[in-house]
Amino acid sequence: MIHIVLRWDFHVVVFQPQPHFQSLFKSGQNPSSSSSRNDDAISRLPALFYVPQLSFSSGDMLLVHAKPTSEWWWAELHGVIGYVPASVIRQEPDEEEEPVEDPWQDEEYFGSYKTLKLHLEMLSDKSRTEAYRHVIFNNSAALRGKVVMDLGCGTGIISLFCAQLAQPSVVYAVEACSMAAYTRQLVKQNGFEEVVTVLQGRAEEIQLPEKVDVLVSEWMGSCLLFEFMVESVLLARDRWLKEGAVTWPSSAALTLVPCQADGYYAEKMAFWEHPYGLDFTPLQPLARQEFFTKPRFSHLVEPAECLAAPCHVIRLDMYTLQIRDLEVLGRFLFCVERSGIFHEFTAWFTVHFNSMEAEGSAVELDTGPSAEPTHWKRTLFMLDRPVSVCAGDSISGTIVLRRNPVWRRHMNVFLHWSINGSTEDVGTKTFPMWR
Ligand SMILES: NC(=[NH2+])NCCC[C@H]1O[C@@H](n2cnc3c(N)ncnc32)[C@H](O)[C@@H]1O
């Protein structure tokens, strides 16, 4: 959609990702631009992790990508993307208006959950599902009489656990897609209509009759953040969670480890060296591009393939995490414990569920190689060229998960590493997930 900027000249000075969002709005020519209006508008600005410097003048043409709130729209001017106050722009009638694709791709995203395929995969994942049942069971006494919200309930398994194992006063099972109609049937089929209320709609938009004591959700995507369903959880937390209430998971950590991946490397790269006694190595650059550019989600690294002790590179506290923090930076320093070939980095996540009782025990869901495999498996980031490393070498560097500024469920993973701190033996690679 094309819009013309009217009235005010806005010069939005925005800092790089900061612990809190700062902006300076210079009042424009319009005398009515009162600072209190600006402050009020700022206070309702969607929590941002990064808003590029964006200045525009009356008459500019903005391309609006999305309208996340009535006051702030996500727009583009001369290739720079950022939030603009909706109050200063006007839609220009445009006969050949192109429908702008929804950056959340909600239709495709929620459409994928309308069928049973993904729900069967998730329910068949015993580690995942038993972990949530364990949490509800461990806290059954504390849940008595409580108000629970199950965000993205899917088939309602977590809500049904709450009704089956505890006595909450009510569970609001929120599900955006049409699966909600079947979830209502499952609640009735299992005799929990008095406790579980299924609400169909996006968590960002539904209205609950009351605030909640517990916000529970299974929001984790590949490499922890992919799909960015976590943003919905943060918005619901800020809107519906009572003071001092509980969010499950309570915290999350992304773990990384350098690994050897002989099998995968042989299958995708070494294969071209002499298939049937012929030299196909000219195809190796194509193979690198085709097989090693994007992360591999379905990887099951074995502990014996880890070249060093895994380390948590990113930690998220679900009580304090802000949407603007979802561009996450992690550093790592690995000490190589066994000589071998450094083919790739493997990533996985762990989430923790704190107990509602002071002395209660926490529950952990670990998707790493030392735990039972889960449907998330692990994420493999293949180097373009393997590196021989020896015990005692160091592999240091950074990982940045940068959210795609346009396709909001996607991100890029930047990895930069150096062997023994050298400035020559370094590597850097960006992995799109997925756009
Ligand atoms: N762990 C994940 N990666 N996905 C598992 C949960 C996905 C379920 O949550 C639903 N869902 C996702 N986001 C939302 C939302 N904002 N509001 C309501 N339901 C949602 C979605 O339709 C699906 O049924």
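If you read the sequence from its start, that first residue is 1, and numbering goes on from there. In listed order, ligands and their atoms are each counted from 1.
- Within 4.0 Å of ligand 1, heavy atoms belong to protein residues Tyr109, Phe110, Tyr113, His119, Met122, Gly152, Gly154, Glu175, Ala176, Gly201, Arg202, Ala203, Glu204, Glu218, Trp219, Met220, Glu227, Met229, Ser232.
- Residue pairs that meet the side chain to side chain donor-acceptor pair (under 3.5 Å) test with at least one member in residues 369-382, sequence neighbours left out, are Asp125-His375.
- When side chains are defined from C-beta on, Pro310 counts as touching Trp348, because their heavy atoms get closer than 4.5 Å.
- No side-chain donor-acceptor contact under 3.5 Å links Thr346 to the backbone of Leu256.
- Listed by first and then second residue, the side chain to side chain donor-acceptor pair (under 3.5 Å) pairs involving residues 171-192 are Tyr172-Glu210 (not counting sequence neighbours).
- Between Arg408 and Asp106, no side-chain nitrogen of the basic residue sits less than 4.0 Å from a carboxylate oxygen of the acidic one, so the salt-bridge criterion is not met.
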Would you mind writing out the side-chain donor-acceptor pairs for residues 312-319 within the sub-3.5 Å range, not counting sequence neighbours?
residue : atom : partner : partner atom : Å
His312  : ND1  : Thr255  : OG1          : 2.8
Asp317  : OD1  : Tyr319  : N            : 2.8
Tyr319  : OH   : Thr247  : N            : 3.0
Tyr319  : OH   : Thr247  : O            : 3.4

